[in-house]
Amino acid sequence: MNKINLEEIKEKLIAERELLIEKLKGNDLSVDDSETPDPVDLAVRNYSKNVMLAVSENESRQLLLINEALERITDDEYGVCQNCEQDINPKRLNAVPWARYCLSCQELLEQGLLNED
Ligand SMILES: [Zn+2]
């Protein structure tokens, strides 16, 4: 068995998407800015705000990748590297169902040798 099970992949993607949406919602708890905070308090708040922003940036990005992967399933293009158009290793897809690239292209990307659109 060296094939991907699209139904299973789709389920994984949808489950992961739900999880991310829940997380992003959790980050949305707005900080109460109504009272005048002292400078230390303010610094702490800004710090945790920035951390939260960084977290949701990662998560929003992953959400985007998941949505793209689901679209590719619908368009019958799933499992093809978005750069070299080779089939992505099924093992890789089972581990990272939202992968855009095959392993070699992913490495290029991490080395800064591949420009993402
Ligand atoms: Zn590739």
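Residues take their numbers from the sequence shown, with the count starting at 1. Counting convention: from 1, in listed order, for ligands and their atoms alike.
- To the nearest 0.5 angstrom, D87 atom CG is 9.0 Å from L93 atom CG.
- Shown here are the protein N/O/S atoms lying under 2.8 Å from the Zn ion (ligand 1), water excluded: C81 SG, C84 SG, C102 SG, C105 SG.
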request  = Could you walk me through whether E107 and Q111 pass side-chain hydrogen bond (donor to acceptor under 3.5 Å, both in side chains), step by step?
outcome  = CA-CA 6 Å; E107 271 171 24; Q111 287 163 15; 5.0 Å; no
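- The side chain to side chain contact (heavy atoms under 4.5 Å, CB included) test with Y78 is passed by exactly one of I73, I88, L70: I73.
- Between the CD1 atom in I66 and the CD atom in E16 there is a gap of 5.0 Å [rounded to 0.5 Å].
- How far CD of E77 is from CD of E68: 11.5 Å, rounded to the nearest 0.5 Å.
- Taking 4.0 Å as the cut-off between side-chain N and carboxylate O, R61 and E57 do not count as a salt-bridged pair.
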